[in-house]
Amino acid sequence: MKIDILTIFPNMFNDIFSESIIKRAVDSGKLEINIHDFREFSNDPHNKVDDTPYGGGGGMVLMPQPIFDCVDSIKTSDSKVILLTPDGVSYKQKIAYDLSKEKHLILICGHYEGFDERIRSICDMEISIGDYILTGGEIASMVIVDSITRLIPGVIEESSHINESFNNNLLDYPTYTKPRSFRGMEVPEVLVSGDHKKIEEYRKEESLKRTKDRRPDLLD
Ligand code: ADE
(Lines give C-alpha, C1' and ligand atoms only; values in the text may rest on other atoms or scores of the structure.)
Protein backbone atom coordinates (compact mmCIF):
# COMPACT_ATOMS: atom_id res chain seq x y z
CA MET A 1 0.00 0.00 0.00
CA LYS A 2 1.07 3.55 -0.69
CA ILE A 3 0.00 6.53 1.43
CA ASP A 4 0.66 10.14 0.43
CA ILE A 5 0.04 12.83 3.05
CA LEU A 6 -0.48 16.49 2.12
CA THR A 7 0.40 18.95 4.88
CA ILE A 8 1.97 22.34 5.53
CA PHE A 9 3.72 20.88 8.59
CA PRO A 10 5.86 18.05 7.16
CA ASN A 11 8.19 18.08 10.19
CA MET A 12 5.37 16.85 12.42
CA PHE A 13 5.78 13.46 10.73
CA ASN A 14 9.56 13.16 11.24
CA ASP A 15 9.61 10.56 13.99
CA ILE A 16 6.16 9.07 14.07
CA PHE A 17 6.62 6.76 11.09
CA SER A 18 10.17 5.71 11.88
CA GLU A 19 9.38 3.61 14.95
CA SER A 20 7.79 0.32 15.80
CA ILE A 21 5.29 -1.45 13.54
CA ILE A 22 4.96 1.33 10.97
CA LYS A 23 8.75 1.34 10.51
CA ARG A 24 8.70 -2.44 10.11
CA ALA A 25 5.92 -2.22 7.50
CA VAL A 26 7.89 0.41 5.57
CA ASP A 27 11.20 -1.48 5.84
CA SER A 28 9.60 -4.69 4.57
CA GLY A 29 8.12 -2.89 1.56
CA LYS A 30 4.50 -3.52 2.56
CA LEU A 31 3.91 0.20 3.03
CA GLU A 32 5.25 3.33 1.37
CA ILE A 33 4.61 6.71 3.00
CA ASN A 34 5.34 10.03 1.31
CA ILE A 35 4.90 13.40 3.00
CA HIS A 36 4.19 16.36 0.68
CA ASP A 37 4.46 19.99 1.74
CA PHE A 38 1.75 21.47 -0.47
CA ARG A 39 3.20 24.94 0.13
CA GLU A 40 5.73 23.93 -2.54
CA PHE A 41 2.85 23.82 -5.04
CA SER A 42 1.68 27.36 -4.36
CA ASN A 43 1.59 29.71 -7.39
CA ASP A 44 1.99 32.66 -5.07
CA PRO A 45 5.40 34.43 -5.18
CA HIS A 46 5.60 34.10 -1.37
CA ASN A 47 4.32 30.49 -1.34
CA LYS A 48 1.11 31.58 0.35
CA VAL A 49 -1.38 28.76 0.96
CA ASP A 50 -4.18 30.58 2.77
CA ASP A 51 -6.14 33.83 2.61
CA THR A 52 -8.99 35.67 4.35
CA PRO A 53 -12.54 34.31 3.98
CA TYR A 54 -14.97 35.82 1.46
CA GLY A 55 -17.86 37.40 3.34
CA GLY A 56 -15.62 38.34 6.26
CA GLY A 57 -14.97 36.69 9.58
CA GLY A 58 -11.80 35.78 11.37
CA GLY A 59 -9.02 33.39 10.50
CA MET A 60 -7.30 32.26 7.37
CA VAL A 61 -8.69 29.73 4.90
CA LEU A 62 -6.62 27.21 2.92
CA MET A 63 -6.77 28.04 -0.79
CA PRO A 64 -7.70 25.34 -3.29
CA GLN A 65 -4.89 25.87 -5.84
CA PRO A 66 -1.87 24.37 -3.97
CA ILE A 67 -3.90 21.35 -2.81
CA PHE A 68 -5.47 20.71 -6.23
CA ASP A 69 -2.08 20.90 -7.95
CA CYS A 70 -0.40 18.67 -5.36
CA VAL A 71 -3.16 16.03 -5.66
CA ASP A 72 -2.98 16.22 -9.49
CA SER A 73 0.75 15.46 -9.32
CA ILE A 74 0.30 12.18 -7.38
CA LYS A 75 -3.20 10.91 -8.16
CA THR A 76 -3.71 7.80 -10.30
CA SER A 77 -6.80 5.72 -11.11
CA ASP A 78 -6.00 3.62 -7.99
CA SER A 79 -6.06 6.56 -5.58
CA LYS A 80 -8.61 7.25 -2.88
CA VAL A 81 -8.48 10.88 -1.74
CA ILE A 82 -9.42 11.50 1.89
CA LEU A 83 -9.84 14.82 3.67
CA LEU A 84 -9.29 14.94 7.45
CA THR A 85 -11.86 17.25 8.94
CA PRO A 86 -14.07 17.38 12.06
CA ASP A 87 -17.16 17.33 9.84
CA GLY A 88 -16.25 14.05 8.14
CA VAL A 89 -17.69 10.59 8.89
CA SER A 90 -16.71 9.20 12.31
CA TYR A 91 -13.68 6.96 12.00
CA LYS A 92 -14.32 3.37 13.06
CA GLN A 93 -12.44 0.07 12.93
CA LYS A 94 -14.67 -1.03 10.02
CA ILE A 95 -13.42 1.95 7.97
CA ALA A 96 -9.83 1.06 8.92
CA TYR A 97 -10.42 -2.49 7.58
CA ASP A 98 -11.89 -1.19 4.33
CA LEU A 99 -9.09 1.33 3.81
CA SER A 100 -6.38 -1.28 4.53
CA LYS A 101 -7.48 -3.00 1.30
CA GLU A 102 -6.90 0.08 -0.87
CA LYS A 103 -3.81 0.38 -3.08
CA HIS A 104 -3.22 4.10 -2.66
CA LEU A 105 -4.49 6.64 -0.16
CA ILE A 106 -4.01 10.40 -0.41
CA LEU A 107 -4.65 12.06 2.96
CA ILE A 108 -5.22 15.82 2.94
CA CYS A 109 -4.65 17.53 6.28
CA GLY A 110 -7.10 20.38 6.74
CA HIS A 111 -6.45 23.40 8.91
CA TYR A 112 -8.35 24.31 12.05
CA GLU A 113 -9.29 27.76 10.77
CA GLY A 114 -10.85 26.24 7.69
CA PHE A 115 -10.33 25.36 4.06
CA ASP A 116 -11.97 26.45 0.85
CA GLU A 117 -15.17 24.46 0.31
CA ARG A 118 -14.13 23.53 -3.24
CA ILE A 119 -11.38 21.28 -1.85
CA ARG A 120 -14.14 18.80 -0.92
CA SER A 121 -14.86 18.30 -4.65
CA ILE A 122 -11.63 16.32 -5.20
CA CYS A 123 -12.14 14.07 -2.17
CA ASP A 124 -13.69 10.59 -2.23
CA MET A 125 -14.22 10.62 1.51
CA GLU A 126 -14.01 12.93 4.54
CA ILE A 127 -13.02 11.52 7.93
CA SER A 128 -13.24 12.83 11.48
CA ILE A 129 -11.38 10.94 14.22
CA GLY A 130 -13.67 12.25 16.95
CA ASP A 131 -15.97 14.99 18.13
CA TYR A 132 -13.29 17.48 19.06
CA ILE A 133 -11.32 20.06 17.11
CA LEU A 134 -7.63 19.47 16.50
CA THR A 135 -5.31 22.23 15.27
CA GLY A 136 -5.16 20.47 11.91
CA GLY A 137 -5.56 17.12 10.20
CA GLU A 138 -1.97 16.02 10.86
CA ILE A 139 -2.56 14.05 14.06
CA ALA A 140 -5.77 12.63 12.55
CA SER A 141 -3.82 11.37 9.54
CA MET A 142 -1.28 9.72 11.86
CA VAL A 143 -4.16 7.92 13.58
CA ILE A 144 -5.45 6.71 10.22
CA VAL A 145 -2.01 5.50 9.07
CA ASP A 146 -1.34 3.71 12.36
CA SER A 147 -4.69 1.93 12.50
CA ILE A 148 -4.51 0.87 8.85
CA THR A 149 -0.89 -0.29 8.90
CA ARG A 150 -1.50 -3.01 11.48
CA LEU A 151 -4.28 -4.42 9.28
CA ILE A 152 -2.16 -4.73 6.13
CA PRO A 153 -1.70 -8.49 5.59
CA GLY A 154 1.61 -9.72 7.00
CA VAL A 155 2.39 -6.62 9.08
CA ILE A 156 1.38 -8.17 12.40
CA GLU A 157 0.31 -11.70 13.20
CA GLU A 158 -3.28 -12.14 12.02
CA SER A 159 -4.24 -13.79 15.34
CA SER A 160 -3.44 -10.49 17.10
CA HIS A 161 -6.44 -8.78 15.56
CA ILE A 162 -8.94 -11.63 15.20
CA ASN A 163 -10.31 -11.22 18.73
CA GLU A 164 -9.53 -7.58 19.37
CA SER A 165 -11.95 -4.87 20.45
CA PHE A 166 -14.50 -3.75 17.84
CA ASN A 167 -14.47 -7.01 15.91
CA ASN A 168 -18.12 -8.12 15.79
CA ASN A 169 -18.93 -4.84 17.56
CA LEU A 170 -17.63 -6.20 20.87
CA LEU A 171 -14.94 -4.93 23.20
CA ASP A 172 -12.02 -7.20 24.00
CA TYR A 173 -12.16 -9.75 26.84
CA PRO A 174 -9.75 -9.35 29.79
CA THR A 175 -6.31 -10.89 29.36
CA TYR A 176 -3.66 -11.85 31.93
CA THR A 177 -0.04 -12.95 31.95
CA LYS A 178 2.40 -14.04 34.64
CA PRO A 179 2.45 -13.94 37.61
CA ARG A 180 -0.72 -15.86 38.48
CA SER A 181 -1.08 -13.89 41.70
CA PHE A 182 -0.08 -10.20 41.85
CA ARG A 183 -0.65 -7.88 44.82
CA GLY A 184 -3.63 -9.91 45.91
CA MET A 185 -5.20 -10.03 42.44
CA GLU A 186 -5.64 -13.52 41.02
CA VAL A 187 -5.86 -14.74 37.44
CA PRO A 188 -9.38 -16.22 36.95
CA GLU A 189 -9.33 -19.99 37.62
CA VAL A 190 -10.84 -20.86 34.23
CA LEU A 191 -7.83 -19.45 32.36
CA VAL A 192 -5.46 -21.91 34.02
CA SER A 193 -7.88 -24.86 33.78
CA GLY A 194 -6.65 -26.03 30.37
CA ASP A 195 -10.31 -26.47 29.31
CA HIS A 196 -10.36 -24.64 25.97
CA LYS A 197 -14.12 -24.82 25.51
CA LYS A 198 -14.70 -23.25 28.92
CA ILE A 199 -12.05 -20.60 28.23
CA GLU A 200 -13.76 -19.66 24.98
CA GLU A 201 -17.14 -19.39 26.73
CA TYR A 202 -15.62 -17.28 29.52
CA ARG A 203 -14.05 -14.92 26.98
CA LYS A 204 -17.28 -14.52 25.00
CA GLU A 205 -19.24 -13.80 28.19
CA GLU A 206 -16.68 -11.29 29.47
CA SER A 207 -16.54 -9.58 26.11
CA LEU A 208 -20.31 -9.17 26.06
CA LYS A 209 -20.41 -8.07 29.71
CA ARG A 210 -17.75 -5.43 29.14
CA THR A 211 -19.48 -4.13 26.02
CA LYS A 212 -22.87 -3.89 27.81
CA ASP A 213 -21.17 -2.10 30.67
CA ARG A 214 -18.94 0.35 28.82
CA ARG A 215 -20.24 0.68 25.26
CA PRO A 216 -23.91 -0.37 25.10
CA ASP A 217 -24.19 1.73 21.91
CA LEU A 218 -22.12 -0.92 20.07
CA LEU A 219 -24.84 -3.53 20.70
CA ASP A 220 -27.69 -1.43 19.23
N1 ADE B 1 -9.03 18.26 11.95
C2 ADE B 1 -9.37 18.98 13.06
N3 ADE B 1 -10.08 18.23 13.90
C4 ADE B 1 -10.21 17.00 13.33
C5 ADE B 1 -10.84 15.79 13.71
N6 ADE B 1 -11.50 15.69 14.87
N7 ADE B 1 -10.77 14.74 12.88
C8 ADE B 1 -10.12 14.84 11.70
N9 ADE B 1 -9.50 15.95 11.27
C10 ADE B 1 -9.54 17.02 12.08
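Just so it is clear, the values below take in all heavy atoms, side chains as well, and ignore hydrogens, waters and symmetry mates. Numbering of ligands and ligand atoms starts at 1, following listing order.
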Margin query: I'd like to know if the side chain of Thr7 pairs up with that of Glu138 as donor and acceptor (distance under 3.5 Å, no hydrogens or angles considered).
Written below: yes
Notebook entry, point to check: With atoms numbered from 1 as shown, which atoms in ligand 1 lie under 4.0 angstrom from a non-hydrogen atom of Gly136?
Noted result: 1 (N), 2 (C)
Checklist line | Ile139 near ligand 1 by a heavy-atom separation under 4.0 Å | finding: no
Check: Heavy-atom contacts under 4.0 Å between Ala140 and ligand 1: side chain, backbone, both, or neither?
Finding: side chain
Check: With a 3.5 Å cut-off and no angle check, do the side chains of Asp78 and Thr76 form a donor-acceptor pair?
Finding: no
Item checked: Part of Thr85 with heavy atoms under 4.0 Å of ligand 1, whether side chain, backbone, both or neither -> backbone
Note to self: Within the structure, is a non-hydrogen atom of Gly130 found at a distance of less than 4.0 Å from ligand 1?
What the structure shows: yes
Margin query: Applying a heavy-atom cut-off of 4.0 Å, say which part of Asp131 lies close to ligand 1: side chain, backbone, both or neither.
Written below: neither
Notebook entry, point to check: Which residue supplies the protein heavy atom nearest to atom 10 (C) of ligand 1, what is that atom called, and how far is it?
Noted result: Pro86 CD, 3.6 Å
Next item on the list: Before accepting this row, confirm whether a basic side-chain N of the pair Asp217/Arg215 lies closer than 4.0 Å to the acidic partner's carboxylate O.
Entry: yes
Next item on the list: Apply side-chain contact (heavy atoms from CB on, under 4.5 Å) to Leu105 and Lys2, showing your working.
Entry: CA-CA 6 Å; Leu105 300 178; Lys2 184 168 147 184; over 6 Å; no
Checklist line | Listed partners of Lys204 passing side-chain contact (heavy atoms from CB on, under 4.5 Å), at least two apart | finding: Glu200
Check: Which heavy atom of the protein is the closest neighbour of atom 6 (N) of ligand 1, given with residue, atom name and distance?
Finding: Tyr132 O, 2.8 Å
Margin query: For atom 7 (N) of ligand 1, what is the closest protein heavy atom, and at what distance to 0.1 Å?
Written below: Ile129 N, 3.0 Å
Next item on the list: May I ask you to list the atoms of ligand 1 that are less than 4.0 angstrom from any heavy atom of Ile127?
Entry: 8 (C)
Check: Taking atom types as modelled, is there a side-chain donor on His36 or Asp4 under 3.5 Å from an acceptor on the other?
Finding: yes
Next item on the list: For atom 3 (N) of ligand 1, find the nearest protein heavy atom and state the residue, atom name and distance (0.1 Å precision).
Entry: Leu134 N, 3.0 Å
Check: Can you name the nearest heavy-atom pair linking Ile16 to Met12, along with the distance?
Finding: CG2-O, 4.3 Å
Item checked: N or O pair under 3.5 Å between Ile133 and ligand 1 -> no
Note to self: Donor-acceptor pair, distance only, cut-off 3.5 Å: does the side chain of Thr211 make one with the backbone of Leu170?
What the structure shows: no
